[in-house]
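Every chain is numbered from 1 and lettered A, B, ... according to where its sequence line falls, protein lines coming before strand lines. Small disclaimer: the values here were computed from a predicted structure and weren't measured.
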2 protein chains.
Amino acid sequence: MSNNDFANKLDRLAQVAVKIGLNLQPGQELVMTAPVEALELTRKITEHAYKAGASLVTTLFSDDAATLARFQHARPESFDKAPVWFYDAMAEAYRSGAARLAISGQNPGLLKGQNPDHVARSSKAQSLAMRPALELITSFHINWTIVSYATPSWAQMVFPGDPEEVAVAKLWEAIFQASRVDQDDPVAAWEAHNRRLKERVDFLNERRYAALHFRGPGTDLRVGLADGHLWSGGSGRAKNGVVCNPNIPTEEVFTTPHKDRIEGYVSSSKPLSYQGSLLDGIRVRFEGGKIVEATAEQGEEILRQVLQTDPGASSLGEVALVPHSSPISQSGILFYNTLFDENAASHIALGQAYTECMIDGDKLSEEELAARGANSSLIHIDWMIGSGEVDVDGIAQDGTAEPLMRAGEWVS
Amino acid sequence: MSNNDFANKLDRLAQVAVKIGLNLQPGQELVMTAPVEALELTRKITEHAYKAGASLVTTLFSDDAATLARFQHARPESFDKAPVWFYDAMAEAYRSGAARLAISGQNPGLLKGQNPDHVARSSKAQSLAMRPALELITSFHINWTIVSYATPSWAQMVFPGDPEEVAVAKLWEAIFQASRVDQDDPVAAWEAHNRRLKERVDFLNERRYAALHFRGPGTDLRVGLADGHLWSGGSGRAKNGVVCNPNIPTEEVFTTPHKDRIEGYVSSSKPLSYQGSLLDGIRVRFEGGKIVEATAEQGEEILRQVLQTDPGASSLGEVALVPHSSPISQSGILFYNTLFDENAASHIALGQAYTECMIDGDKLSEEELAARGANSSLIHIDWMIGSGEVDVDGIAQDGTAEPLMRAGEWVS
């Protein structure tokens, strides 16, 4: 890729983020979070946001090196502290109407080798501090999106055999392709893609399944769906009326499980990076909607701590279907980044449910949502359970099983 | 300077910032603001802060390019908006005990050529939004400091005839020297310097002058001092009990003028960068403590808008004495950065007074402070009025004039 070509595609990614991802409105404020390495992309997004009429753009940069320095040098007693004032400020911005754009690209293995107790405690403190902001996002209070940036540390994890520049170039190629900015008219390509996802969503919403049944190697899981669940996928309408695409890329259709109606066992099909720690070979068993056994080949201690975050952390807040032929899956790349890997395989998420995935979700009280089966938690962690060897049935209200996916592909 | 030598001095600057500037306490949180170019220094400071026992370090980066993009692309009606949620969060952090460290280094001429009305409106909106945070700083609620970083844009303004690398190296040399990190034991050097400033402060506090009288080219100004004013300089004790050095470098001793007792005219002796705009050749006349005439050879429109910020913006909140032989003045460099230039010349500041510069300042109400003459405003803008041609007299309570400085130097 020439430099010119790269600059061109990065500029298109910024445009896709502002126009498709956020659909930023004239006069709207924008709050962006980004790793400091993504400076160049934040500048392009800032420019396109102001051109689209943003009233103000504020970027909050994070620095992996500063995060790591804490684990290397800080006192053990300090790891229960999180910058509550910082996350409260984000929540306040969203509450007052600001759109949210996150750039993903942190080092997926940043905290490898650090004290698991410190990692788990700081992670829990951060989840608690982020709760008000996360609730505004999961309740779709405002338009938001996530895009990604190929940082060197991430690229080298994805392509460990390549020199840094080659790895970065390969990761950019994959990001540009998955984000549809390599196409002549990315905006039109996204509109067509959103229409295809909408057809799938409409079909599933019409079926009103009672449950999904996943079968495959190491997996025999029945996920009851919440009463009044809604399927969602592609673009969606936030409570502020703005239609946006919360993930760039996105290939999934997803809905709300019933937190008390999940039975069986399930194995992860890809590793997962959670706040700088890798989890792999996860195997859990559910009874009555709760995880009652959990093991992992890598990161088991982190997994255990995560499951103890709160009562909702050991149940599910999302179930998503992604065909094995999804373009991201077909790339053959393991991204160690949920934004990509969750769009290469069917997946489930521990923790908080999305109110947009419930009929009248924004009109129901917390108690009403819980009564219908929507889970509540400080965390929301997606992990991949689909592959070319997994079958999925939709279970009708009368108990009849209908084949939905076979060998990872949609039946119809 | 070799790379090694540079890394060494940058590390010492970080140590001076944490140990002398902040005197960061074990268990204390730190909030740092920095231009994104200063990433390397923020990492060293973060490391030293954790080694000193910081509970948490959060850096809030700013990006000149994003600031400029707003003035280039945003809608005219948007310039009255500031991120109130962002500055409120800083105030909340200080209120809860976090120390504050600012890294200075933004492009002093960033907004040259931009619409002065937009610049003035955004500046006013920002001053309003920053008020709660600024009050916690001017009232010395917590230990705080400012250090600097030689960004390319700043360096090229200071050394316009040199190639970028040469300019940056020269500016670093000047910063390292002024910050005393080129000495074998910077911490000991700072302690000795603080003792010297303390002697001068004690002398002036003993004299209890009613006013200072400045005379020089374009200047004949009598600055009444507040009733119960206190001189300050070098290290000081914040309300949280921590002794810190709010400016690195610092060469000044300073106190609180009486907001209603300033008479005469005064001319600036150096240009001044204020929020990305240059002001030069300022000339103002005071009557009854208020500026009644103001002109500037450069940036007059910005100056007029600044003076209209609020009633306190056209009076003074600080008067400071710096000998013409100060090391920073002797470097012969015009820094276009107040942190340096104010330590090369006696100066005054429009706007907010410091409560630490009033006897029992932290026990007095706003009304009591005002009754004693301490000024109040959204702004605090220092500008230089001293030079080798300026004389200063101390005017005793009985009206007797005592020579304090002659041709810019202390008389005794």
Side-chain angles (χ1 to χ4, degrees), chain A residues 26-32 34 36-37 39-40 42-75 77-96 98 122 125-126, chain B residues 26-32 34 36-37 39-40 42-75 77-96 98 122 125-126:
Chain A
Q28 194 175 20
E29 188 173 355
L30 171 59
V31 179
M32 178 158 38
V36 73
E37 292 89 346
L39 180 64
E40 195 180 352
T42 68
R43 287 177 173 174
K44 287 191 180 289
I45 289 173
T46 300
E47 184 187 325
H48 284 292
Y50 280 125
K51 285 181 178 169
S55 59
L56 195 60
V57 181
T58 306
T59 301
L60 303 168
F61 289 99
S62 60
D63 179 23
D64 275 350
T67 305
L68 190 58
R70 184 183 189 198
F71 288 92
Q72 291 167 334
H73 303 295
R75 302 183 168 197
E77 65 267 28
S78 69
F79 287 97
D80 300 308
K81 193 169 171 86
V84 174
W85 55 271
F86 180 81
Y87 294 111
D88 279 354
M90 278 194 217
E92 183 52 35
Y94 304 152
R95 223 172 274 126
S96 67
S122 79
Q126 193 164 319
Chain B
Q28 193 175 21
E29 188 174 354
L30 172 59
V31 178
M32 177 158 38
V36 74
E37 291 89 346
L39 181 63
E40 195 182 351
T42 68
R43 288 177 172 174
K44 287 189 179 292
I45 289 173
T46 300
E47 184 187 324
H48 284 292
Y50 281 125
K51 285 181 178 169
S55 60
L56 195 61
V57 181
T58 306
T59 301
L60 303 167
F61 289 99
S62 60
D63 180 21
D64 274 351
T67 305
L68 190 58
R70 183 182 190 199
F71 288 92
Q72 290 168 334
H73 302 296
R75 301 184 168 196
E77 64 268 28
S78 69
F79 287 97
D80 299 309
K81 192 169 173 84
V84 174
W85 55 270
F86 179 82
Y87 294 112
D88 279 353
M90 278 195 216
E92 184 52 34
Y94 304 151
R95 224 173 273 126
S96 66
S122 78
Q126 193 165 318

Chemist: Would you indicate whether the side-chain heavy atoms of L39(B) and F61(A) approach each other to under 4.5 Å?
Modeler: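 The answer is no, as the side chains (C-beta and beyond) never meet within the 4.5 Å cut-off.
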Chemist: Might you point out which heavy atoms bring A125(B) and A82(B) nearest each other, and give the distance in Å?
Modeler: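 Shortest heavy-atom contact: O-CB, 3.5 Å.
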Chemist: Just give me the residue among R95(B), E47(B), E29(B) that pairs up with chain A most often, heavy atom to heavy atom, under 4.5 Å.
Modeler: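 Maximum pair count with chain A is reached by E29(B).
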Chemist: Quick one: CE on M90(B) to CH2 on W85(A), what's the gap to the nearest 0.5 Å?
Modeler: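 Taking CE in M90(B) and CH2 in W85(A), the distance rounds to 7.5 Å.
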Chemist: Please identify, among T42(A), T67(A), T59(A), D63(A), the residue contributing the most non-hydrogen atom pairs under 4.5 Å to chain B.
Modeler: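 The residue among T42(A), T67(A), T59(A), D63(A) with the greatest pair count is D63(A).
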Chemist: Using heavy-atom distances under 4.5 Å, tell me whether V31(A) contacts chain B through its side chain, its backbone, both, or neither.
Modeler: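 It is the side chain, since no backbone atom gets that close.
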Chemist: Could you check which of S122(B), A93(B), A98(B), A66(B) has the highest count of heavy-atom pairs closer than 4.5 Å to chain A?
Modeler: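 Highest number of pairs under 4.5 Å: A93(B).
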Chemist: Non-hydrogen atoms of chain B under 4.5 Å away: do they reach the side chain of S96(A), the backbone, both or neither?
Modeler: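 Neither part; nothing is under 4.5 Å.
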Chemist: Going by the side chain to side chain contact (heavy atoms under 4.5 Å, CB included) test, name the single residue among Q72(B), H73(B), R75(B) that passes it with K51(A).
Modeler: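 Output: one option passes, namely H73(B).
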Chemist: Which heavy-atom pair separates R70(B) from S78(B) by the least distance, and what is that distance?
Modeler: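 Of all heavy-atom pairs spanning R70(B) and S78(B), the closest is NH2-O, 2.8 Å.
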Chemist: Sort S55(A) into side chain, backbone, both or neither according to what part of it lies under 4.5 angstrom from a heavy atom of chain B.
Modeler: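 The answer is both parts of S55(A).
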Chemist: Could you have a look at R43(B), E92(B), E77(B) and say which one has the most heavy-atom pairs with chain A under 4.5 angstrom?
Modeler: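 The option with the most such pairs is R43(B).
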Chemist: In terms of heavy-atom proximity below 4.5 Å to chain B, should V36(A) be classed as side chain, backbone, both, or neither?
Modeler: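 For V36(A), the contact with chain B is made by the side chain alone.
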Chemist: Show the nearest heavy-atom pair for residues M32(A) and I45(A), with the distance to one decimal.
Modeler: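 Taking M32(A) first and I45(A) second, the nearest heavy atoms are SD-CG2, 3.8 Å.
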